[in-house]
Amino acid sequence: MSVHKEIKRITTRTLQEFKAEGTKISMLTAYDFSMARIIDSAGIDVILVGDSASNVMAGHETTLPITLEQMIYHASSVVRAVERALVVVDLPFGYYQGNSRLALESSIRIMKEAGAHAVKLEGGSEIRESIERILTAGIPVMGHLGLTPQSIYKFGTYTVRAKENTEAEKLVEDAVLLEKTGCFALVLEKIPAQLAERVAKKVSIPVIGIGAGGGVDGQVLVSHDMLGITKEFKPRFLRRYLNMYEEVQNAVKQYVDDVKSRNFPNNEEQY
Ligand code: KIV
């Protein structure tokens, strides 16, 4: 039996154990019941209800417009489907930055109304107070450093972060601070592989990378990207496991043809 079948429910503690024993952590995004069910049944360790829902579900250019209510809607649909994975939910932009009370309130709503297991916040020292306050309620917090899409207008681009020494050192300091503050895990997005490996070795909490190389404790991808539902997004770090855009398009074309040509429904497909 494979390792994922033996574990009934993944917890933050399981992820710590995975890091300690050198078992890599698998993580994917999901935003709805049907996809979450498939992903969970395939043995994923962590499901992230990412604010990337703003892009792939709602068609926005950035993650900034998505609201707390919309995140709760997506998260509650995912939680209803999941039997094994740890469900982590992104706190959306504007619900935690510079306001630790709002951060706590928003996190409590995500836990209470969606039934999530943990929340994820983007940033380092500047959001420390928010993280500390959320932790007082017993809510597990996952950090996120490197390319943090909620700050896109500060960066100006989605290119690789922390290539320069000063930014790299600040990232390492932030990672240590997040661990000390009490985060149970950390996402590193789009940074040099060597730097990500250095962070993973320095902190004892699991480090999960996206575009951060293989020297970290686990990997996360946006499910719509790895399944090929999105077509134009082709960063170097992305491995596509399916070409769903074309497969679905071909199936729909076939259906249209069948309806037009009266091939569907046939005698067996009616009452
Ligand atoms: O929102 C998201 O999908 C994320 C991942 C890219 C880590 O934060």
Side-chain angles (χ1 to χ4, degrees), residues 8-19 25 27 29-31 36 40 45-54 63-64 66-145 148-151 174-189 203-208 217-218 220:
K8 282 208 178 88
R9 183 109 229 179
I10 301 284
T11 63
T12 56
R13 203 192 169 110
T14 320
L15 301 185
Q16 291 281 354
E17 286 164 9
F18 280 178
K19 172 152 181 154
I25 297 162
M27 171 161 148
T29 63
Y31 319 97
D40 185 57
D45 298 319
V46 185
I47 291 187
L48 172 66
V49 183
D51 58 357
S52 49
S54 179
T63 56
L64 275 64
I66 200 157
T67 65
L68 182 64
E69 283 67 28
Q70 287 165 340
M71 287 303 294
I72 290 171
Y73 168 76
H74 287 298
S76 58
S77 310
V78 167
V79 167
R80 280 193 287 275
V82 169
E83 288 178 356
R84 176 182 177 275
L86 182 83
V87 179
V88 182
V89 180
D90 267 337
L91 272 191
F93 176 70
Y95 292 89
Y96 63 95
Q97 293 95 340
N99 188 340
S100 62
R101 284 183 190 277
L102 180 61
L104 176 61
E105 262 170 46
S106 311
S107 304
I108 288 178
R109 284 197 60 194
I110 285 175
M111 302 297 282
K112 220 178 176 58
E113 296 174 39
H117 309 142
V119 295
K120 175 165 83 59
L121 282 71
E122 295 181 5
S125 53
E126 65 282 6
I127 57 156
R128 180 188 187 158
E129 213 183 295
S130 290
I131 296 175
E132 279 170 349
R133 201 179 277 265
I134 296 168
L135 289 169
T136 62
I139 300 172
V141 176
M142 179 180 270
H144 184 156
L145 296 172
T148 46
Q150 291 181 12
S151 309
D174 275 342
V176 171
L177 179 135
L178 290 181
E179 175 180 30
K180 279 200 185 131
T181 308
C183 287
F184 73 92
L186 174 62
V187 165
L188 291 181
E189 180 164 355
V203 298
S204 63
I205 55 173
V207 174
I208 301 169
D217 307 305
V220 55

With [X], which residues qualify under side chain to side chain contact (heavy atoms under 4.5 Å, CB included), at least two apart?
X      : result
Ser151 : Thr148, Lys154, Phe155
Ala118 : Val88, Pro140, Phe184
Thr14  : Ile7, Ile10, Thr11, Phe18

Expected output: side-chain His117 to main-chain Val87 donor-acceptor under 3.5 Å: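 Flag set: sc His117 to bb Val87 pair under 3.5 Å.
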
Salt bridge (Lys or Arg N to Asp or Glu O under 4.0 Å) partners for [X], two or more places apart:
X      : value
Arg128 : Glu132
Asp217 : Lys19
Arg13  : Glu17
Asp40  : none

side-chain hydrogen bond (donor to acceptor under 3.5 Å, both in side chains) between Tyr31 and Ser52, intermediate numbers included: CA-CA 9 Å; Tyr31 319 97; Ser52 49; 2.6 Å; yes

Selection residues 86-105 - residue pairs positive for salt bridge (charged side-chain N to carboxylate O under 4.0 Å, His left out), sequence neighbours left out: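 Non-adjacent pairs meeting salt bridge (charged side-chain N to carboxylate O under 4.0 Å, His left out): Asp90-Lys120.
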
Test of understanding: with side-chain hydrogen bond (donor to acceptor under 3.5 Å, both in side chains), list the residues that count as partners of [X], not counting sequence neighbours.
X      : result
Gln150 : Asp51, Tyr96, Gln97
Glu126 : none
Ser76  : none

Between side-chain atoms of residues 175-182 and protein atoms elsewhere (two or more places apart, or another chain), which donor-acceptor pairs fall under 3.5 Å?
unit_1: Glu179; atom_1: OE2; unit_2: Ser204; atom_2: N; d: 2.8
unit_1: Glu179; atom_1: OE2; unit_2: Ser204; atom_2: OG; d: 2.3
unit_1: Thr181; atom_1: OG1; unit_2: Leu177; atom_2: O; d: 2.6

Lys/Arg N to Asp/Glu carboxylate O, Glu69 vs Arg109, below 4.0 Å: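 Salt bridge: yes.
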
